[in-house]
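The structure appears right after this line, and notes come after that.
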Amino acid sequence: MSLNSDSRIFIAGHRGMVGSAVVRALRAKGVEALLLRSRAELDLCDSVAVERFFAEEKPEMVIHSAARVGGIHANRTFPAEFIYENLSVAQNVIHSAWRQGCQRLLFLGSSCIYPREAPQPIPETALLTGPLEPTNEAYALAKIAGLEMCRHYRNQYGVCYHSAMPTNLYGPGDNYHPDHSHVIPGLLRRFHQAKHDGANSVVLWGTGRPRREFLHVDDLAAGLLTLLETEHPPDIANIGCGEDLPIRELAEVIADVVGFTGEIKTDPSMPDGTPRKLLDISRMRALGWSARISLVDGLRQTYAECLQNGRFEG
Ligand code: GDP
């Protein structure tokens with residue numbers, strides 16, 4: 001499927017980190033007929049409003065990047081909101097897209113949908129083969145429901161609905177909340193503050209031993225366009241950079257990028273989450289996609305964007 005300058009594409013969640021990266025990537029390709037709605041204009045949890053929107057606008061293609069997301073602490077503190085909102089937006093958007101004749105939909109999942117004890121690197125076939133990581137189970141279950149809906153609609157109705165499973169993401173437009181963010185924005189903020197205050201040390205949550213893989217959101221957006229341009233995409237495709245590192249080492253890289261030279265401590269009373277979740281990215285490699293932005297370059301760029309846009313203020 002080719003993306004034309006007049007392709008009518010609805011990007012659900014276009015103000016989020018992923019959605020805004022997708023908008024940038026599509027505009028860079030000359031696709032201008034984007035259908036964008038803010039939350040105030042269209043509440044994706046409202047099934048009647050979503051159905052009306054699809055009936056009126058008839059998108060040809062949907063990228064479903066709307067989600068309530070958060071780091072390990074937010075996920076375990078607000079599991080009810082995470083499961084309710086993510087289930088609602090997934091089922092409303094997928095079902096209305098199908099009812100209103102949309103043939104192509106790309107759903108965004110997450111690497112946390114895989115079992116906690118999945119083999120590493122994690123192949124897509126590990127889905128639903130074991131228990132989930134408890135700290136993000138509610139979010140994962142909602143995402144699993146969404147991607148399974150896509151698979152069943154594809155099988156039963158013949159529409160091309162498929163899913164991408166990104167690894168841990170970072171980049172412009174991230175959430176920098178001190179407690180509810182993911183590890184990269186959380187640590188960028190904490191190291192920046194420590195440097196500003198002249199503090200001697202910074203504390204990491206958990207033991208610093210879990211390993212994580214990180215992908216710049218612009219690399220993800222390029223991968224999503226690759227999937228959309230593939231005529232017969234796989235039901236699920238993992239998207240990662242292919243390498244992971246311990247949180248402690250990530251913290252050292254961030255300290256260096258920010259220019260913090262003090263001590264790095266750990267707080268084992270905070271959760272570690274899953275020990276490791278490196279994705280097997282052979283399906284995306286076979287389609288000719290790979291990540292281009294190295295972690296150090298991506299972090300430098302992201303920190304510069306934070307300073308420029310006052311992300312740590314307030
Ligand atoms: P996860 O991949 O779902 O566990 O998401 P996170 O990005 O929230 O956390 C990744 C890892 O970083 C976990 O092991 C956390 O315990 C650890 N971590 C260390 N410091 C922080 C922090 O300041 N914020 C967050 N969110 N995680 C941290």
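No hydrogens, no waters, no symmetry mates; every other heavy atom, side chains included, goes into these values. Note that ligands are numbered from 1 as they come in the structure, with each ligand's atoms numbered from 1 the same way. No experiment lies behind these values; they were computed from the predicted model shown.
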Would you check, one step at a time, whether the test ring-ring contact (aromatic ring centres under 6.0 Å, His included) holds for F78 with F82?
CA-CA 6 Å; F78 307 110; F82 275 83; 7.1 Å; no
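- Counting only heavy atoms of the protein, atom 23 (O) of ligand 1 lies nearest to R190 NH2, 2.2 Å.
- In this structure, G273 falls outside the shell of residues with a heavy atom less than 4.0 angstrom from ligand 1.
- Atom 5 (O) of ligand 1 has its closest protein heavy atom at H182 CD2, 3.8 Å.
- Side-chain contact of E51 with S96: a donor-acceptor pair under 3.5 Å is present, judged by distance alone.
- When each atom of ligand 1 is checked for a heavy atom of K277 under 4.0 Å away, the hits are 1 (P), 2 (O), 3 (O).
- With a heavy-atom cut-off of 4.0 Å, N168 touches ligand 1 through its side chain alone.
- Judged as a side-chain contact (heavy atoms from CB on, under 4.5 Å), and not counting sequence neighbours, the contacts of S65 are I11, V18, L108.
- Counting heavy atoms under 4.0 Å from ligand 1, residue N75 does not touch it at all.
- Considering G71, A74, S181 only, the shortest heavy-atom separation from atom 26 (N) of ligand 1 involves S181.
- The protein atom (non-hydrogen) at minimum distance from atom 2 (O) of ligand 1 is R212 NE, 2.7 Å.
- Regarding atom 11 (C) of ligand 1, its nearest protein heavy-atom neighbour is I247 CD1, 3.7 Å.
- Salt-bridge formation is detected for the pair E252/R248: a Lys NZ or Arg NE/NH1/NH2 atom is positioned less than 4.0 Å from an Asp or Glu carboxylate oxygen.
- Heavy-atom proximity to P210, at under 4.0 Å, picks out these atoms of ligand 1: 14 (O).
- The single protein non-hydrogen atom nearest to atom 13 (C) of ligand 1 is D272 O, 3.4 Å, given as residue, atom name and distance.
- Ligand 1 lies nowhere less than 4.0 angstrom from a heavy atom belonging to C112.
- In the model, Y161 has no side-chain atom that pairs as donor or acceptor with a side-chain atom of H152 under 3.5 Å.
- Shown here for R15 and S38, the closest heavy-atom pair between the two residues is NH1-CB, 3.5 Å.
- In terms of protein heavy-atom proximity, atom 15 (C) of ligand 1 is closest to P271 O, 3.9 Å.
- Salt bridge status for K29 with E229: present, with a side-chain N to carboxylate O gap under 4.0 Å.
- The L187 neighbourhood of ligand 1 comprises atoms 20 (N), 23 (O), with distances under 4.0 Å to a heavy atom of that residue.
- Among protein heavy atoms, atom 9 (O) of ligand 1 sits closest to V183 CB, 4.0 Å.
- No side-chain donor-acceptor contact under 3.5 Å links N92 and S47.
- Residue N136 has at least one heavy-atom neighbour below 4.0 Å for each of these atoms of ligand 1: 3 (O).
- Side-chain atoms of H177 and R189 form no donor-acceptor pair, as typed in the model, at a separation below 3.5 Å.
- In this structure, a donor-acceptor pair under 3.5 Å is absent between the side chains of Q100 and E57.
- For atom 20 (N) of ligand 1, the choice among F191, W205, F214 with the nearest heavy atom turns out to be W205.
- Looking only at heavy atoms of the protein, atom 8 (O) of ligand 1 is closest to I72 N, 2.8 Å.
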Using distance only, find each side-chain donor-acceptor pair of residues 280-296 under 3.5 Å and give its atom names and separation, not counting sequence neighbours.
residue	atom	partner	partner atom	Å
D280	OD1	S282	N	2.9
D280	OD1	S282	OG	2.4
R283	NH1	I236	O	2.8
W289	NE1	D219	O	3.2
S294	OG	D297	N	3.2
S294	OG	D297	OD2	3.4

